[in-house]
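When a residue number appears, it is its place in the shown sequence, counting from 1. Note that these values count all heavy atoms, side chains included, but never hydrogens, waters or copies made by symmetry.
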Amino acid sequence: MGFAWPWELRKNGVLNMNQRNINYIGRYNPRKFYKRVDDKLITKQLALANDIAVPDLIAVVREQHEIAHIPERISSRSGFVIKPAKGSGGKGIIVITKVDNGRYFKPSGHEISASELNRHVSNILSGLFSLGGKPDVAIIEGLIEFDPVFEGYSHEGVPDIRLIVFKGFPVMGMLRLSTAASDGKANLHQGAVGVGVDIASGKGLHAVQFDRQIEFHPDTGKKLTDIIVPHWESLLHTASSAYEMCEMGYLGTDMVLDQSKGPLLLELNARPGLAIQIANGKGILPRLKHVEAMSSHSMTVAERVAYVKTHFTGG
């Protein structure tokens with residue numbers, strides 16, 4: 001993506017960081033509710049209480065001495081995910097897709113020894129990956145079963161779906177696909193691919209990697225705009241429901257598709273990044289202003305979803 005003058009960005013409805021922080025995050029996200037999204041364990045508990053499906057919770061490690069019990073907690077599992085409850089940007093997440101006699105293997109096939117795994121969990125507890133470096137807890141979750149519809153669209157890791165929700169309305173979405181550069185993680189800053197998707201249908205519209213437009217996945221060669229995300233209606237409903245669940249007006253919802261369980265909520269983000277605009281090839285500001293101008297207090301989740309599918313189609 002080349003240089004653009006500020007007036008050009010404004011003309012194209014691009015939301016900048018100052019606007020996001022002051023006009024949307026600062027105005028619509030009450031500080032007292034931040035724990036609901038900044039702590040993944042609290043988010044998971046809230047989601048379960050609101051009948052929103054999440055990945056299986058295998059264990060929570062709160063104290064250093066509990067690390068010794070991890071092998072027995074995962075003994076029946078062929079794979080699992082370890083993540084910090086208060087981490088951000090994908091930091092501190094380890095995905096294990098194969099367990100073999102006390103040996104652990106990442107999606108790439110790289111082995112992690114038991115001592116390395118224990119040290120990683122110890123680092124999580126000490127706050128190495130947490131917001132503000134404060135002591136944390138480690139969450140061990142069940143492995144997501146890759147939905148075969150994404151075969152060839154992602155390198156090793158499981159794709160996830162990011163939707164920006166404003167006042168309960170899903171206003172913009174993208175699919176995040178892992179690459180060799182991102183080490184199997186769906187993190188755009190680490191080199192994952194972002195595919196902007198049509199809010200009405202879930203069809204791919206525009207794709208980027210490292211802020212540059214691309215047409216094909218760099219590792220698999222698949223044409224990225226050919227994809228249509230299945231269970232799209234359900235994903236929109238889940239994202240919209242998160243508004244009532246956490247009572248925050250400007251929100252990023254991250255979800256995955258499990259082969260047998262369907263859409264699962266991974267986490268929520270009170271400070272969602274702005275790269276979703278690059279992935280969609282358009283600014284989000286006109287949609288935010290559209291919703292702000294509405295009187296929507298009495299609309300249900302289903303009505304809000306139907307509204308965006310009609311008014312925000314085409315990216």
Is a donor from one side chain sitting under 3.5 angstrom from an acceptor on the other, for Ser122 and Gln64?
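On atom types as modelled, these side chains qualify, holding a pair under 3.5 Å.
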Verify the distance criterion only: is there a donor paired with an acceptor across the side chains of Asn118 and Ser115 at less than 3.5 Å?
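No donor-acceptor contact under 3.5 Å links the two side chains.
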Under the salt bridge (charged side-chain N to carboxylate O under 4.0 Å, His left out) test, residues paired with Arg36 that sit two or more places apart:
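Scan of Arg36 (salt bridge (charged side-chain N to carboxylate O under 4.0 Å, His left out), adjacent residues dropped) gives Glu247.
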Applying salt bridge (charged side-chain N to carboxylate O under 4.0 Å, His left out), can you list everything that pairs with Lys83, at least two apart in sequence or on another chain?
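Glu141.
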So, for Tyr104 and His120, is the gap between ring centers shorter than 6.0 Å?
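Between Tyr104 and His120, the centre distance exceeds or equals 6.0 Å.
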Taking the six-membered ring for Trp, are the ring centroids of Phe169 and His290 within less than 6.0 Å of each other?
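No, they do not, as the ring centres are separated by 6.0 Å or more.
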Would you say the side-chain atoms of [X] pair up with the backbone N or O of [Y], donor to acceptor, closer than 3.5 Å?
| X | Y | result |
| --- | --- | --- |
| Ser182 | Thr179 | yes |
| Thr310 | Ala306 | yes |
| Asn50 | Leu46 | yes |
| His206 | Ala279 | yes |
| Thr313 | Lys309 | no |
| Arg176 | Arg162 | no |
| Asn16 | Gln19 | yes |
| Arg20 | Pro272 | yes |
| Lys282 | Gln277 | no |
| Asn29 | Gly249 | yes |

Is there a side chain to side chain contact (heavy atoms under 4.5 Å, CB included) between Thr97 and Lys106? Walk through the geometry before answering.
CA-CA 6 Å; Thr97 54; Lys106 294 170 66 176; 5.9 Å; no
For residues [X] and [Y], determine if any side-chain heavy atom of one lies less than 4.5 Å from a side-chain heavy atom of the other.
| X | Y | value |
| --- | --- | --- |
| Pro55 | Leu264 | yes |
| Val197 | Lys203 | no |
| Ile139 | Lys40 | yes |
| Glu151 | Thr220 | no |
| Lys98 | Ser78 | no |
| Asp254 | Leu268 | no |
| Val137 | Val61 | no |
| Ile164 | Leu251 | no |

Just do the salt bridge (Lys or Arg N to Asp or Glu O under 4.0 Å) check on Glu72 and Arg77 with the steps written out, would you?
CA-CA 10 Å; Glu72 63 193 71; Arg77 301 278 178 161; over 6 Å; no
Flag yes if [X] and [Y] sit in one hydrophobic cluster, no otherwise; membership is Ile, Leu, Val, Met, Phe, Trp, Tyr, and two members link when side-chain heavy atoms are under 4.5 Å apart.
| X | Y | answer |
| --- | --- | --- |
| Leu143 | Ile58 | no |
| Val149 | Leu224 | yes |
| Tyr24 | Met17 | yes |
| Ile25 | Ile276 | yes |

Check each of Tyr250, Phe166, Phe33, Tyr243 against Tyr28 using the ring-ring contact (aromatic ring centres under 6.0 Å, His included) test, and report the only one that passes.
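With Tyr28 as partner, Tyr250, Phe166, Phe33, Tyr243 yield a single ring-ring contact (aromatic ring centres under 6.0 Å, His included), made by Phe166.
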Sequence neighbours excluded, every pair satisfying side chain to side chain donor-acceptor pair (under 3.5 Å) that has a member inside residues 260-273
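Only Asp38-Arg271, Asp56-Lys261, Glu145-Ser260, Asp258-Ser260 qualify under side chain to side chain donor-acceptor pair (under 3.5 Å).
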Can you check salt bridge (Lys or Arg N to Asp or Glu O under 4.0 Å) on Glu66 and Arg73, steps first, answer last?
CA-CA 11 Å; Glu66 295 174 340; Arg73 301 302 297 270; over 6 Å; no
Verify side chain to side chain contact (heavy atoms under 4.5 Å, CB included) between Leu288 and Leu15, making sure each step is shown before the conclusion.
CA-CA 9 Å; Leu288 299 177; Leu15 179 70; 3.9 Å; yes
Counting only heavy atoms not in His189, do more than 12 fall under 6.0 Å of its NE2?
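For His189, atom NE2 is not crowded (no more than 12 foreign heavy atoms under 6.0 Å).
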Can you confirm whether more than 12 heavy atoms, excluding those of Lys91, are under 6.0 Å from its NZ atom?
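For Lys91, atom NZ is not crowded (no more than 12 foreign heavy atoms under 6.0 Å).
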Is any side-chain N of the basic residue among Arg304 and Glu244 closer than 4.0 Å to the acidic one's carboxylate O?
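Yes.
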Does a side-chain N-to-carboxylate-O contact under 4.0 Å join Glu215 and Lys222?
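A salt bridge is absent here (no side-chain N lies under 4.0 Å from a carboxylate O).
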List the steps, then state whether side chain to side chain contact (heavy atoms under 4.5 Å, CB included) holds for Ile161 with Val256.
CA-CA 6 Å; Ile161 299 99; Val256 291; 5.7 Å; no
Minimum-distance pair of heavy atoms, taken over all atoms of [X] and [Y]:
| X | Y | value |
| --- | --- | --- |
| Pro159 | Leu177 | CB-CD2, 3.6 Å |
| Pro218 | Ile214 | CD-CD1, 4.2 Å |
| Lys86 | Asp39 | CE-OD2, 3.4 Å |
| Ser178 | Ala192 | CA-CB, 4.3 Å |

Side chain to side chain contact (heavy atoms under 4.5 Å, CB included) assessment of Arg287 paired with Ile199:
CA-CA 12 Å; Arg287 297 183 183 187; Ile199 280 290; 4.0 Å; yes
Gap between atom CG of Leu188 and atom CG of Asp211 - 0.5 Å precision:
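So the gap between those two atoms works out to 8.0 Å.
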What is the distance from atom CG of Leu236 to atom CE of Met255, rounded to the nearest 0.5 Å?
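That separation rounds to 7.5 Å.
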